[in-house]
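The block underneath contains the structure these notes are about, expressed in structure tokens.
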Amino acid sequence: MFTAATYLERRRRLCADVGSGMILLMGNKEAPINYAGNVYPFRQDSTFLYFLGLDVPGAVALLDADSGETYLYGDEVTVEDVVWSGPVPRLADLAHRSGIQHIQPAAALEAAIEQALLAGRTVHFLPPYRAANAIKLSHVLGLALGELRQRASRELVMAVIAQRLYKSEEEVAEIGHALEITARMHRAAMLTARPGMIESEVMANIHAEALAAGSQLAYGIIASVRGEILHNPYHRNRLEHGGLMLVDAGAESPMHYAGDITRTFPVDPVFTTKQREIYDAVLDAQLAVIGALRPGVRYLDLHRMAAQRMTEHLIQIGLMRGNAEDAMEAGAHALFFVHGLGHMLGLDVHDMEDLGEQHVGYTPDIERSSQFGLNYLRLARKLEPGFVLTVEPGLYFIPALIDQWRAAGKFREFIDYDRAEAYKDFGGIRIEDNCLITSEGAQVLGPGIPKTAEEISELRQS
């Protein structure tokens, strides 16, 4: 946990920003895999962690926005719990470390909510993303399940986002800790991946580094020779000579801040000429964006810059033709660059996505595009000091998409489909780093992970 003063100040500001009423913050419960006693690894709700720091299942908090007081509802562990799980800190002791003085049994929550509602007070709550919390909210608030997302408090959502967008020095240090583990995970992949292995074997080596550091994963590992499948859940492909391996993996720090890094490397020790051309196109775009990061710049414009830069390379390679800016504005490049440039990072790998990506990554003056590819951009707003974000351009060769666009005759003035046919077995390349926006520019966080083709080949051959 951070200091009690940190959590007290966060809650004080939250109450001030919401203004009045009661603020209900739901902690997560343990979630069963297939029966109640067999559970997934526990992961606390990120907003609950941010404002209370309590990494225990089943707790709920009520903040009185008028008085500034915090009330924690939860139960102490029993002897039966200790028998199976061993001794754990008392809830009262953890609450004290968070600056919470009022602790009530979990069963007392319903009466507290009822009393607030009878007094005509607004009970602010966030949109639930877990069924157990949705059911509990429905019960204590007297709302139908289908009403919850619409009745969630916009004031509370925006107040939470207004704080969590900006990372403090202690939060940046936690992300740095996550990235130290993440770097070891990626180096393990590069050092161990060899022709003949199965993707799951490489993934096991990656996961082992996180486990050895006492860390959990920030998200499911993507480790695939089919890099054109963006979130490939299948790990049974065999690594073959002449192929590529894309690894997108990140660890959590002990306080659950995320790292999110992608590297792509050849299955053989060195890149082929064909692979190197595409790799350098992606790397050039990524480095250009990192060099342009600074307060006041819209990330939407940096996405466009990356797209145009990669389009220029694709024209040189012969996969595209015509004017690069015209091709990018038309959306022809999205055959190869099918997603957004990046997203916010923090306690969540896609930070605060449960609160609404539109609120986190956009502002009222920026309209989300309907253009294919650009419509997946999660972050478009002007950058500000304290933002931590990902920079992750990529180029992909998706056979089904190439066939569909060719059959429809889309953007024939910009795309050489005959040339694209020769890349249908190429896969995909993505390069991703995590960056902090500073008052003067940006800082790439974490230890260096081999990124140039030369650095990767040197490590692969070591």
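Ring-plane geometry between Phe336 and Phe397 is classed as tilted, the angle between the planes lying from 30 to 60 degrees on a 0 to 90 degree scale. Using the six-membered ring where Trp is involved, Phe337 and His303 have ring planes that are parallel, under 30° apart on the 30 and 60° scheme.
Crowding of Gln461 atom CD: a count of heavy atoms from other residues, nucleotides or ligands under 6.0 Å exceeding 12. More than 12 non-hydrogen atoms from other residues, nucleotides or ligands lie less than 6.0 angstrom from CZ of Arg194. Summarising the local packing, NE2 of His96 is surrounded by 12 or fewer heavy atoms from other residues, nucleotides or ligands at distances under 6.0 Å. A 6.0 Å sphere centred on CD of Gln216 holds no more than 12 heavy atoms belonging to other residues, nucleotides or ligands. By the 6.0 Å contact criterion, CD on Glu458 is open, its count of non-hydrogen atoms from other residues, nucleotides or ligands being 12 or less. Counting heavy atoms of neighbouring residues, nucleotides and ligands inside a 6.0 Å radius, atom CD of Gln115 does not exceed 12 of them. Residue Lys382 qualifies as open at atom NZ: its count of foreign heavy atoms under 6.0 Å is 12 or below. A 6.0 Å sphere centred on CZ of Arg97 holds no more than 12 heavy atoms belonging to other residues, nucleotides or ligands.
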Discussion item. Is there a side chain to side chain donor-acceptor pair (under 3.5 Å) between Glu69 and Ser67? Walk through the geometry before answering.
Written reply: CA-CA 5 Å; Glu69 295 291 328; Ser67 70; 5.3 Å; no
Worksheet entry | CA sep, side-chain torsions, deciding dist, call: Gln44, Asp55, side chain to side chain donor-acceptor pair (under 3.5 Å) | CA-CA 6 Å; Gln44 184 60 281; Asp55 198 7; 5.1 Å; no
Fill in: Verdict with reasoning, Asn205 to Thr192, per side chain to side chain donor-acceptor pair (under 3.5 Å)
CA-CA 8 Å; Asn205 291 328; Thr192 60; 3.1 Å; yes
Fill in: side chain to side chain donor-acceptor pair (under 3.5 Å) assessment of His256 paired with Glu174
CA-CA 8 Å; His256 300 292; Glu174 280 294 310; over 6 Å; no
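At least one side-chain heavy atom of Leu54 sits less than 4.5 Å from a side-chain heavy atom of Ile100. Tyr257 has its side chain out of reach of His177: every pair of non-hydrogen atoms, C-beta onward, lies at least 4.5 Å apart. With contacts defined as side-chain heavy-atom distances shorter than 4.5 Å, the pair Asn375/Ser370 does not qualify. Here the side chains of Arg10 and Leu14 are not in contact, with every heavy-atom distance at 4.5 Å or above. Contact check for Tyr362 versus Glu367: no side-chain heavy atoms found under the 4.5 Å cut-off. Residues Ile23 and Arg11 form no side-chain contact, since every pair of their non-hydrogen atoms from C-beta on lies 4.5 Å or further apart. Between His350 and Tyr219 the shortest side-chain heavy-atom distance does not fall below 4.5 Å. Counting only heavy atoms from C-beta outward, the side chains of Glu384 and Leu165 never approach each other to under 4.5 Å.
Atoms CG and CG, on Leu374 and Leu300 in that order, are 6.0 Å from each other to the nearest 0.5 Å.
When each of Leu244, Asn232, Leu230 is tested with Ser224 by the rule side-chain contact (heavy atoms from CB on, under 4.5 Å), just one qualifies, namely Asn232.
Looking at residues two or more places apart in sequence or on another chain, you find no ring pair (Phe, Tyr, Trp, His ring centres under 6.0 Å) involving His124.
Residues Glu228 and Arg226 are paired through a salt bridge, judged by an N-O separation under 4.0 Å between the basic side chain and the carboxylate. At a threshold of 4.0 Å, the pair Asp354-Arg130 does not count as salt-bridged, since none of the basic side-chain nitrogens sits closer than that to a carboxylate oxygen. Ion pairing of Glu357 with Arg368 is present here, as a side-chain N (NZ or NE/NH1/NH2) and a carboxylate O approach within less than 4.0 Å. By the 4.0 Å N-to-carboxylate-O rule, Arg263 lies close enough to Asp433 to be salt-bridged with it.
Side-chain N/O atoms of Asp260 and Thr390 include no donor and acceptor closer than 3.5 Å. With 3.5 Å as the limit, one finds a donor-acceptor pair spanning the side chains of His139 and Glu110.
Closest approach of Pro295 to Ser439, counting heavy atoms only: CG-O, 3.7 Å.
Judged by distance alone, the side chain of His186 and the main-chain N or O of Ile449 form no donor-acceptor pair under 3.5 Å. With hydrogens and angles disregarded, no donor-acceptor distance shorter than 3.5 Å links the side chain of Asp248 to the backbone of Ile222.
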